[in-house]
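Input: a single structure, listed below in C-alpha cells.
Whatever order the structure lists them in is the order used to number ligands and atoms, beginning at 1. Computed from a prediction, not measured in an experiment: that's the story for all the values here.
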Amino acid sequence: MHVLVTGGAGYIGAHACKALKAAGFTPVAFDNFSTGWRQAVKFGPLAQGDLMDRASIDAAIATYKPVAIMHFAALSLVGESMTNPGKYWRTNVNGSLNLIEAALAAGIKNFVFSSTCATYGELDGVSLDEDTPQTPINAYGGSKRAIEMLLRDFEKSDGLNSVIFRYFNVAGADPEGEVGEQHVPETHLIPLMLDAIDGKRAALTVFGSDYKTKDGTCIRDYVHVMDLVDAHILGLRWLLDGKASRVFCLGSGNGFTVREVIEASRIVTNREVPIIEGARRAGDATSLVSGSQRAVTELGWEPKRSTLQQMIGDAWRWSKQPAFTE
Ligand code: UDP
C-alpha cells in the first residue's frame, strides 16, 4: 500500500517515511526540494513535484495510486510568516487546496494533516487541547488553521476523512541516524543551541527575557520526532479502519522555558551554551503546552522518547554526522 507523503524529503516527512516503511507501507516522498534533501529520501520512491503545480500532484497520484495522503509540506517558520505573510498564505493554503482536490479527483479520501499548536495563539497559562479555541497570532498558524477548515468543508462536500495532528515543538532525530533535522537556514532552538555549543555559530540568541514566565523566557512543549511519526501511523490506521475524522494534539504535556532547554543541553553535552540576550521574536506566544491525552486514550499513542534529555541527545548525535549536501 502506497502513501503519498508531501514534504517527504523534509525533517518530519522523512522520519514519517521511515516509520511508514517499518509499518509495512510504501512511502512515496513528494517534494519540491525547496527545503528538503534528496539524501533524506531513502525509504521509498521519490515523486518530485510542487503543490502549486496541480499536474505534478495528479501525476504522482496516477503513478502510485496511494491509499492515503500524509501532508507535511508547508512553510513553517513563525518569524518569517510575520514578515512575509503573503508567501505563507499563498503557499500553504493554495498548495493544500490543490492537494485536496487532486486527492478527491482520484477517489482518495484518507488524509493525515500536520497542523500546529501555533493555531492557538496567545492563551497564557492555558493548557491546550483539541477543544481550545483557535486564535492564531501569526500567519503560519493562521494558514494552518485555514487548512483545517478546508478539510472540514471537503468532508461535508465530498466525504474526505482526516486525522489532523496539532504538533507542539518537534525535536530530536532518528536514533539510528538515518535521518535527522537539517534546515538552511536553521531557525529552531535545539539545533541552533547545539551549533553554538559546538562552535559552529558564535552564540544562541535568547528571543526575549521579559515574558511572564518563571525565568522570563517562552515556554514550549517538546515532542520527539520518532514519537510524533508513530502517532501518524496510528492515525493512518485509524482512517484505514474507517473511523471518523478526528483532531489530536501531539505534545508531551510538559512545558519548558528556553532557559531550561539551555540548561538541559549543558547537562547532556557537558558543555556551556554561549548565549546572547536578544529581543522578542514577532509572533511568539508566551506559552504553548499540550493538556491533551486524547492521542493516548483514543489512538493508543505511547510517547517513548519525549524527554528533553533524549531529544537533545539524539539531536546532538545527529549533529555529529556528515550533513546532507543535496
Ligand atoms: N528561540 C530562541 N532563540 C532562537 C530560536 C528560538 O530563543 O534562536 C525560542 C523561540 O522564541 C521559542 C522557542 O525558542 O520560544 C522555540 O522556537 P523554535 O523556533 O524552535 O520553534 P517554534 O516555537 O517557533 O515552532
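Protein heavy atom in closest approach to atom 8 (O) of ligand 1: L192 CD1, 3.3 Å. Summary of contacts: the protein heavy atom closest to atom 9 (C) of ligand 1 is V258 CG2, 3.8 Å. Considering only non-hydrogen protein atoms, atom 15 (O) of ligand 1 sits nearest to C218 CB, 3.1 Å. Protein heavy atom in closest approach to atom 11 (O) of ligand 1: D284 OD2, 2.6 Å.
The residue T217 has no part lying near ligand 1, judged by heavy-atom distances below 4.0 Å.
Remark: the R259 side chain and the S209 side chain contain an N/O donor-acceptor pair separated by less than 3.5 Å. Donor-acceptor pairing under 3.5 Å is recorded for the side chains of D215 and T257.
Atom CE of M149 has 12 or fewer neighbouring heavy atoms from other residues, nucleotides or ligands inside a 6.0 Å radius.
Set against the non-hydrogen atoms of N169, the atoms of ligand 1 under 4.0 Å away are 16 (C), 21 (O), 22 (P), 23 (O), 25 (O). Counting atoms of ligand 1 from 1 in the listed order, those under 4.0 Å from a heavy atom of V78 are 24 (O). In the vicinity of L204, heavy-atom distances shorter than 4.0 Å reach the ligand 1 atoms 8 (O). Every atom of ligand 1 is numbered from 1 in the order shown, and the set under 4.0 Å from a heavy atom of V206 is 7 (O). Atoms of ligand 1 found under 4.0 Å from any heavy atom of T187 (numbered from 1 in listed order, with element): 5 (C), 19 (O). Distances below 4.0 Å separate heavy atoms of H188 from the following atoms of ligand 1: 18 (P), 19 (O), 20 (O), 21 (O).
Remark: among candidates Y211, Y222, F168, F207, the nearest residue to atom 13 (C) of ligand 1 is Y222, based on non-hydrogen atoms. Nearest-heavy-atom check against atom 17 (O) of ligand 1 across R220, R201, R281 picks out R281. Of the candidates T205, T257, L189, it is T205 that places a heavy atom closest to atom 3 (N) of ligand 1.
Stacking of K87 on the aromatic ring of W89 is not recorded, the 6.0 Å distance cut-off and the 45° axial limit not both being met. Annotation: cation-pi geometry not satisfied between R220 and F168 (NZ/CZ under 6.0 angstrom from ring centroid, within 45° of ring axis).
Remark: of the listed residues D314, D230, D227, D314 is the sole one forming a side-chain hydrogen bond (donor to acceptor under 3.5 Å, both in side chains) with R305.
Side-chain rings of F165 and H232 approach one another, their centers coming within less than 6.0 Å.
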Steps toward side chain to side chain contact (heavy atoms under 4.5 Å, CB included) verdict (K214, E260): CA-CA 10 Å; K214 57 184 163 187; E260 285 171 333; 2.7 Å; yes
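The existence of a salt bridge linking E186 and R201 is excluded, since no basic side-chain nitrogen approaches an acidic carboxylate oxygen closer than 4.0 Å.
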